[in-house]
Novice: 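Before I ask anything, let me first share the structure, which is written out below as structure tokens.
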Amino acid sequence: MAYLALYRKWRPMIFADVLAQESVVETLQRSVANNTVAHAYLFCGTRGTGKTSAAKIFSRAVNCLNPVNGDPCNKCEVCLEILADSLQDVLEIDAASNNGVDHIREIRNDVSYLPSKAKYKVYIIDEVHMLSNSAFNALLKTLEEPPAHVIFILATTEPNKLPATVLSRCQRYDFKRIGADSIAKHLKTICDSLNVKAEPDALELISRLADGAMRDAINILDRCVSSESGHLTYNEVVKAVGIVEDDFFVEVTRLLIAGDIPALITEIHKLFMDGKDLTLFTGELINHFRNLVLCKSGVDLSSITDYSKRYIKTLEEQAKTMDGEYILCVIRELTLAQMRLSRTANSRVLLESTIIKICNKWFTYDNDEIFARLSLLESGVRTEQVTVKPDAPKAVEVKKPEPKPESEPEPKIEPEPELKIKPEPEPEIEPESEPEPEPIKEISKPKPVSGSSTLPKFEQWDKVRADLSSYGQKLLNTFTAPAKAFQVDENNLLIIFPDNKSFEKKYFDKADNIHYLSESIKRICGKEMHCKFIMEEDAGSILNNNPDNSTEASLTEDVSEKKDVFEDLKENDIPFEIIDD
């Protein structure tokens with residue numbers, strides 16, 4: 001007799017054998033025992049959770065000559081023929097290969113005939129979501145009102161692809177994933193029947209690799225026990241399946257943190273030469289960092305994962321030595337690499353370059369390009385504003401007939417100031433005798449920051465910016481590049497941005513960015529310092545005319561000085577124009 005695969009040999013025979021689906025099998029068993037069988041059922045769930053097995057058990061149970069509490073006896077003539085796939089009254093159809101409307105029409109014609117030996121004609125349509133739209137339409141009427149001797153059992157892994165008209169005509173049962181503990185326990189039973197001594201760690205690994213699918217777990221076990229006889233160890237499972245051990249990911253993470261590029265490239269070379277799937281390895285490494293960030297967030301991994309206690313303890317210890325934002329950056333970089341690995345012909349080069357990026361903390365920020373374009377656009381707009389500015393003061397100067405009010409003793413007698421706007425006498429009267437246009441120029445164009453500042457420069461500024469990059473804040477490093485830092489006193493810094501860098505200055509309106517900068521200053525200087533962010537045009541009077549280094553006082557004086565100029569202009573009835581920068 002030909003070898004029978006373990007997953008077929010250990011297929012459930014009664015409802016109690018279907019693992020981890022108690023609510024589903026109890027309902028089906030009760031409906032058979034009470035003779036309340038519906039005409040159409042829909043079994044949904046991931047692969048290997050028992051959908052087809054439950055459908056076969058149900059088909060035997062409704063036709064069994066000697067049922068036992070809703071279970072088939074598996075000994076009568078009808079049960080034996082169904083088990084041998086020789087009874088024509090129970091048909092199992094693969095919708096993946098029989099998805100046309102013609103196949104459904106054949107079923108619709110056959111349902112009118114009575115069963116030959118069984119009580120019910122049972123049609124098990126597996127992967128029913130693969131049917132075409134026309135096939136679904138042809139099935140609808142028969143599915144809604146089939147003959148009394150017909151039962152439809154539809155099985156699918158993707159119920160979302162089924163039309164609502166089909167879903168509304170079936171009793172739906174959802175099969176959940178099988179827990180790792182249940183899988184390991186069942187695998188232990190199979191190993192005992194095969195006289196194979198299996199280590200608990202090996203069975204736990206197989207259970208985790210199965211991802212909730214019993215069929216996958218039994219298939220992996222079948223592969224492992226066929227390579228070794230009488231004993232099954234953790235290393236043998238790793239070797240047979242071709243995966244990487246958990247401890248390897250811990251070591252790779254340690255090397256990433258340390259930035260040991262030569263050692264990491266050597267490890268990738270070993271994986272490549274051993275024939276490991278680099279895409280699969282990247283996915284498992286992402287999962288390792290996912291576990292690290294969960295540990296960092298205080299999540300109990302033992303309640304949501306199937307890892308061993310030893311591995312979970314190692315994860316918790318490693319997570320304590322890492323920064324949460326760094327872990328998320330690594331996950332993002334590895335996820336981008338995994339998406340590209342499946343589409344590239346040279347996966348090794350792509351993975352190596354990604355590892356080098358992570359070691360050097362050259363993280364990719366999603367908005368980098370957008371910020372750069374906006375900054376360039378704003379620089380261009382500011383350049384246009386600078387060229388337009390000279391025109392505005394000229395207009396103001398043309399409108400100033402100040403000499404006439406001074407020569408005439410009665411300025412208030414004139415009711416219309418429009419007479420003063422005549423440009424003809426202005427260039428001839430006194431071109432240089434009027435000092436009043438100068439303060440107007442100062443309003444439209446403030447003093448630039450000169451090198452002879454009374455405030456000392458903050459000597460640690462470059463170190464602070466380098467610290468930002470080392471902690472994954474490369475974007476903040478870029479935006480602080482054009483700024484200059486001055487130390488007001490022991491606890492206060494003045495960060496000044498050039499006039500054409502207002503976009504970079506606005507970036508520090510966010511509390512999170514100020515927090516990151518303050519943390520870097522604290523790491524470099526050993527104390528917290530308050531930062532004030534201003535533009536260069538507002539800082540000229542502070543740095544050049546402020547001997548006592550009082551930032552707030554100088555700003556107040558600067559504002560009052562400008563206010564006095566405006567008052568003088570108004571009193572002398574001089575027209576002026578405010579240019580909003």
Side-chain angles (χ1 to χ4, degrees), residues 46-48 96-97 127 129-130 157-158 161 205-206 208-213 215-216 219-220 222-224 227 235-293 322 325-373 469 472 474-475:
T46 58
R47 70 188 189 283
S97 56
E127 302 298 335
H129 64 274
M130 300 292 288
T157 57
E158 301 182 48
K161 293 186 178 181
L205 178 58
I206 295 176
R208 179 157 53 87
L209 293 174
D211 195 22
R215 182 173 62 244
D216 292 359
N219 268 331
I220 295 173
D222 198 359
R223 193 191 325 173
C224 295
S227 59
N235 292 331
E236 289 169 0
V237 175
V238 171
K239 186 185 301 182
V241 178
I243 62 170
V244 180
E245 299 183 29
D246 294 333
D247 293 338
F248 180 78
F249 295 109
V250 176
E251 178 64 16
V252 168
T253 303
R254 187 190 65 80
L255 294 175
L256 281 173
I257 298 173
D260 194 346
I261 296 178
L264 286 168
I265 299 301
T266 301
E267 296 297 339
I268 294 176
H269 174 73
K270 292 180 181 178
L271 291 174
F272 184 77
M273 296 307 295
D274 290 341
K276 305 294 184 182
D277 187 347
L278 296 183
T279 305
L280 179 61
F281 164 74
T282 306
E284 292 175 350
L285 187 58
I286 293 172
N287 194 48
H288 176 78
F289 275 89
R290 172 249 185 187
N291 295 329
L292 287 173
V293 77
M322 304 176 67
E325 185 178 0
Y326 170 79
I327 300 175
L328 293 177
C329 289
V330 173
I331 291 176
R332 180 170 60 246
E333 293 296 334
L334 291 176
T335 302
L336 292 174
Q338 187 185 32
M339 295 169 58
R340 297 165 182 163
L341 281 170
S342 58
R343 302 191 300 267
T344 184
N346 202 337
S347 58
R348 180 181 179 182
V349 173
L350 179 58
L351 181 57
E352 289 174 344
S353 61
T354 302
I355 292 297
I356 293 173
K357 284 178 62 179
I358 294 174
C359 288
N360 290 306
K361 299 180 181 177
W362 298 336
F363 295 126
T364 300
Y365 291 87
D366 298 337
N367 297 323
D368 271 0
E369 186 176 355
I370 297 176
F371 283 134
R373 289 175 180 269
S469 295
K474 190 174 180 63
L475 193 59

Novice: Among all residues two or more places apart in sequence or in another chain, which pass the side chain to side chain contact (heavy atoms under 4.5 Å, CB included) test with Arg290?
Specialist: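 Arg290 satisfies side chain to side chain contact (heavy atoms under 4.5 Å, CB included) with Asn287, Leu294, Ile304, Thr305 only.
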Novice: Show the atom names and distances, to 0.1 Å, of all donor-acceptor pairs under 3.5 Å that link a side chain in residues 259-278 to residues at least two apart or in another chain.
Specialist:
from: Asp260; atom 1: OD1; to: Ala263; atom 2: N; distance (Å): 3.4
from: Thr266; atom 1: OG1; to: Pro262; atom 2: O; distance (Å): 2.9
from: His269; atom 1: ND1; to: Arg348; atom 2: NH2; distance (Å): 2.7
from: Lys276; atom 1: NZ; to: Ile243; atom 2: O; distance (Å): 3.4
from: Asp277; atom 1: OD1; to: Thr279; atom 2: N; distance (Å): 3.0

Novice: Between atom CZ of Phe281 and atom NE2 of His288, what is the distance when rounded to the nearest 0.5 Å?
Specialist: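 Answer rounded to 0.5 Å: 10.0 Å.
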Novice: Does any non-hydrogen side-chain atom of Ile358 lie less than 4.5 Å from one of Tyr326?
Specialist: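 Heavy-atom side-chain distance check passes, below 4.5 Å.
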Novice: To the nearest 0.5 angstrom, please state how far the OG atom of Ser97 sits from the CD atom of Glu127.
Specialist: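 With rounding to 0.5 Å, OG (Ser97) is 10.5 Å from CD (Glu127).
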Novice: Can you list the residues that meet the side chain to side chain contact (heavy atoms under 4.5 Å, CB included) rule with Ala96, with sequence neighbours excluded?
Specialist: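 In terms of side chain to side chain contact (heavy atoms under 4.5 Å, CB included), with neighbours along the sequence ignored, Ala96 is linked to Asp94, Met130.
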Novice: Just jot down the side chain to side chain contact (heavy atoms under 4.5 Å, CB included) partners of Ala210, sequence neighbours excluded, or say none.
Specialist: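 By the side chain to side chain contact (heavy atoms under 4.5 Å, CB included) rule, Ala210 matches Ile183, Asp216, Ala217.
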Novice: Can you sort out the partners of Ser353 under side chain to side chain contact (heavy atoms under 4.5 Å, CB included), two or more places apart, ordered by chain and number?
Specialist: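 For Ser353 the side chain to side chain contact (heavy atoms under 4.5 Å, CB included) partners, ignoring immediate neighbours, are Leu350.
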Novice: First locate atom OG1 of Thr354, then atom CG of Leu285, and finally report the distance between them rounded to the nearest 0.5 Å.
Specialist: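 Rounded to the nearest 0.5 Å, the OG1-CG separation comes to 10.5 Å.
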Novice: When rounded to the nearest 0.5 angstrom, what distance separates CD1 in Ile327 from OG1 in Thr253?
Specialist: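 Nearest 0.5 Å value for the CD1-OG1 distance: 9.0 Å.
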Novice: Within the structure provided, determine whether Glu251 and Leu255 are in side-chain contact (heavy-atom separation under 4.5 Å).
Specialist: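 They are in side-chain contact.
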Novice: Say you draw a straight line from OG1 of Thr335 to CD1 of Ile286; how long is it, rounded to the nearest 0.5 Å?
Specialist: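 Those atoms lie 4.0 Å apart.
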Novice: Answer yes or no: is there a side-chain heavy-atom contact under 4.5 Å between Met322 and Val293?
Specialist: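 No. Closest side-chain heavy atoms not under 4.5 Å.
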Novice: At what distance, to the nearest 0.5 angstrom, does CG of Leu336 lie from OG1 of Thr282?
Specialist: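 So the gap between those two atoms works out to 12.0 Å.
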Novice: Checking the side chain of Arg343 only, and the main-chain atoms of Met339 only, is there a donor and an acceptor separated by less than 3.5 Å?
Specialist: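 Yes: the side chain of Arg343 pairs with the backbone of Met339.
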Novice: So which heavy atom on Val238 is nearest to which on Leu205, and how close?
Specialist: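 Minimum heavy-atom contact is CG2-CD2, 3.7 Å.
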Novice: Side-chain contact test, heavy atoms from C-beta onward, threshold under 4.5 Å: evaluate it for Asn291 versus Phe249 and give yes or no.
Specialist: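 No - every pair of side-chain heavy atoms lies 4.5 Å or more apart.
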Novice: List in chain and number order the residues that pass side chain to side chain donor-acceptor pair (under 3.5 Å) with Lys361, two or more places apart in sequence or in another chain; answer none if no residue qualifies.
Specialist: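 Counting only residues at least two positions away or on another chain, Lys361 forms no side chain to side chain donor-acceptor pair (under 3.5 Å).
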Novice: Quick one: closest heavy-atom pair of Thr157 and Arg47, and the distance?
Specialist: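 So the minimum-distance heavy-atom pair works out to CG2-N, 4.2 Å.
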